[in-house]
Chemist: 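Below is a structure I'd like to ask you about.
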Amino acid sequence: MNNRENVTVLGLGQMGTALAGAFLAAGHPTTVWNRTPAKAEPLVARGAVRAAAPGDAVAAAGVVVVCVLDYDAVRELLEPVAESLAGRTVVNLSTGSPEQARQTAAWAAGHGFGYLDGAIMTTPPGVGSPESMFFYSGSSAAFAAHRDTLAALGDPIDLGDDPGVASLYDLALLDMMWATLSGWLHATALVGADGVAATAFTPVAIRGLSGAVAGFMGTYAEQVDAGHYPGDDATLDVHRAAIGHLVHAGRDRGIDGRLPELSQALIERAVAGGNGQDSYARLVELFRKG
């Protein structure tokens, strides 16, 4: 007999469809609902049950996964069936802010159902891979009870009882992604100006990120938490000189220099403030102060 937990998925966009598909692939009886019923047909062909209305979908499972456009859409969808959710767990994988997550968790508590706010760290094709990270925050009891079920989607990472933390981590990693991709694209333009192909440069870039840059992050994390920034690896004075070479090389090649010039300006501010012998991690204080 199938002892897998019953799951309901509300919202069948590309991501919602991938979530439901992963539950089905892992053997979970899966009920689905979408405003456009036809979107459920491929999942029904794989064994999902299509609910006629959100209330029917909620009644079918103890775990209700919601993946819609935003938190306004979540509330619009769940408020009419809030009483039916009592005793169940809602896992909200819609995108929003930490503040919205906390507000929704408080609303859920007022209606007597468990709530986990989640963030998906992959695109739809990566759903179901154990390598894909899924962040969850909110009810620790709900996470413990349904962890094995959530593992069907990817690696479930518990970020604690504050329901806003999963969204906060999501935004922080997007921050890193955009900064990293922008840096790589600027670097690719720089080397490309001298005829170096992006496919030739990128393997070296990836090795540098996973090696030296990752090492800096691990070291600097402890400095940031301690508020102490010894320049044991390289001081800001050293970084100041090096980034000057980068800015000039870009100008000589007609490359837009606004990205490295931003870092250069931050370094100059820190040095002007008497912190030239500190590590690069000192710049976190400038971000905190704005």
Side-chain angles (χ1 to χ4, degrees), residues 7-23 30-40 43 50-51 53-58 61 63-85 88-128 132-139 142-143 146 150 153-154 156-178 181:
V7 179
T8 283
V9 177
L10 302 177
L12 298 176
Q14 285 187 323
M15 185 59 77
T17 297
L19 298 172
F23 284 128
T30 304
T31 299
V32 297
W33 177 86
N34 192 72
R35 292 187 187 279
T36 306
K39 286 192 174 182
L43 293 165
R50 176 170 45 198
D56 298 328
V58 166
V63 177
V64 179
V65 176
V66 185
C67 186
V68 290
L69 178 63
D70 54 28
Y71 281 69
D72 289 339
V74 172
R75 291 288 291 272
E76 180 184 350
L77 180 60
L78 295 184
E79 280 184 340
V81 298
E83 299 307 317
S84 301
L85 288 167
R88 306 178 194 276
T89 295
V90 168
V91 181
N92 182 17
L93 295 178
S94 308
T95 301
S97 70
E99 290 71 27
Q100 289 175 314
R102 292 171 183 135
Q103 291 167 2
T104 306
W107 174 77
H111 287 279
F113 61 89
Y115 182 79
L116 285 171
D117 206 87
I120 305 169
M121 296 293 102
T122 187
T123 55
V127 173
S132 297
M133 294 191 298
F134 280 68
F135 297 151
Y136 299 97
S137 59
S139 169
F143 180 83
H146 304 297
L150 297 173
L153 304 179
I157 299 174
D158 181 12
L159 296 177
D161 292 327
D162 179 347
V165 174
S167 177
L168 188 64
Y169 270 51
D170 181 25
L171 294 174
L173 286 184
L174 287 172
D175 185 6
M176 287 182 59
M177 179 190 75
W178 288 320
L181 287 176

Chemist: Can you give me the closest heavy-atom contact between A18 and V127, atom names plus distance?
Modeler: O-CG1, 3.6 Å
Chemist: With the side chain counted from C-beta on, respond yes when F23 and L153 share a heavy-atom pair under 4.5 Å apart, and no when they do not.
Modeler: yes
Chemist: Against the six-membered ring of W33, is R50 placed for a cation-pi contact (under 6.0 Å from the centre, within 45° of the normal)?
Modeler: no
Chemist: For a side chain to side chain contact (heavy atoms under 4.5 Å, CB included) check, start with the C-alpha distance between V68 and V66, then their side-chain angles and the critical distance, and finish with the verdict.
Modeler: CA-CA 6 Å; V68 290; V66 185; 3.9 Å; yes
Chemist: Find out whether V165 and D162 are in side-chain contact, i.e. whether some heavy atom of one side chain is under 4.5 Å from a heavy atom of the other.
Modeler: yes
Chemist: Over all heavy atoms of both residues, which pair between S167 and P98 is shortest? Give the atoms and the distance, please.
Modeler: OG-N, 3.3 Å
Chemist: How many angstroms lie between CE in M15 and OG1 in T95, if you round to the nearest 0.5 Å?
Modeler: 8.0 Å
Chemist: Roughly how far apart are M121 CE and S132 OG, rounded to 0.5 Å?
Modeler: 10.5 Å
Chemist: Any salt bridge between R102 and D117, counting N to O under 4.0 Å?
Modeler: no
Chemist: Name the orientation class of the two ring planes belonging to Y169 and F135 (parallel below 30°, tilted from 30 to 60°, perpendicular beyond 60°).
Modeler: perpendicular
Chemist: Okay, side chain of S137, backbone of A166: is any donor-acceptor separation there less than 3.5 Å?
Modeler: yes
Chemist: Within a reach of under 6.0 Å around CE of M177, are more than 12 heavy atoms found that belong to other residues, nucleotides or ligands?
Modeler: yes
Chemist: Quick check: do L173 and M133 have side-chain heavy atoms less than 4.5 Å from each other?
Modeler: yes
Chemist: So how far is it from H146 NE2 to T89 OG1, rounded to the nearest 0.5 Å?
Modeler: 3.0 Å
Chemist: Between L150, I157, V91, I120, which is the residue that forms a side-chain contact (heavy atoms from CB on, under 4.5 Å) with F134?
Modeler: I120
Chemist: Say you draw a straight line from CG of L10 to OG1 of T31; how long is it, rounded to the nearest 0.5 Å?
Modeler: 9.5 Å
Chemist: State, to 0.1 Å, how close P163 and A101 come at their nearest heavy-atom pair, and which atoms those are.
Modeler: O-CB, 3.4 Å
Chemist: Could you tell me whether W107 and Y71 have their ring centroids closer than 6.0 angstrom?
Modeler: no
Chemist: Got a second to check how far C67's SG is from Q14's CD, nearest 0.5 Å?
Modeler: 10.5 Å
Chemist: How long is the straight-line distance from CG of D170 back to OG of S97, given to the nearest 0.5 Å?
Modeler: 11.0 Å
Chemist: Apply side chain to side chain contact (heavy atoms under 4.5 Å, CB included) to D70 and list each qualifying residue two or more places apart in sequence or on a separate chain.
Modeler: D72, A73
Chemist: Tell me, yes or no, whether the heavy-atom count around E79 atom CD, taken from other residues, nucleotides or ligands under 6.0 Å, exceeds 12.
Modeler: yes
Chemist: Between E83 and R88, does at least one N-O distance fall below 4.0 Å, as a salt bridge requires?
Modeler: no
Chemist: Taking all non-hydrogen atoms of both residues into account, name the closest pair between V9 and L12 and its distance.
Modeler: CG1-CD2, 4.3 Å
Chemist: If we only count heavy atoms from C-beta on, is the V63 to T8 side-chain gap below 4.5 Å?
Modeler: no
Chemist: What is the minimum heavy-atom distance between G138 and L116, and which atoms define it?
Modeler: C-CD2, 4.1 Å
Chemist: Of all the heavy-atom pairs spanning L43 and T17, show the shortest one and how long it is.
Modeler: CD2-O, 3.9 Å
Chemist: Is a side-chain donor-acceptor pair under 3.5 Å present for Y115 with N92?
Modeler: yes
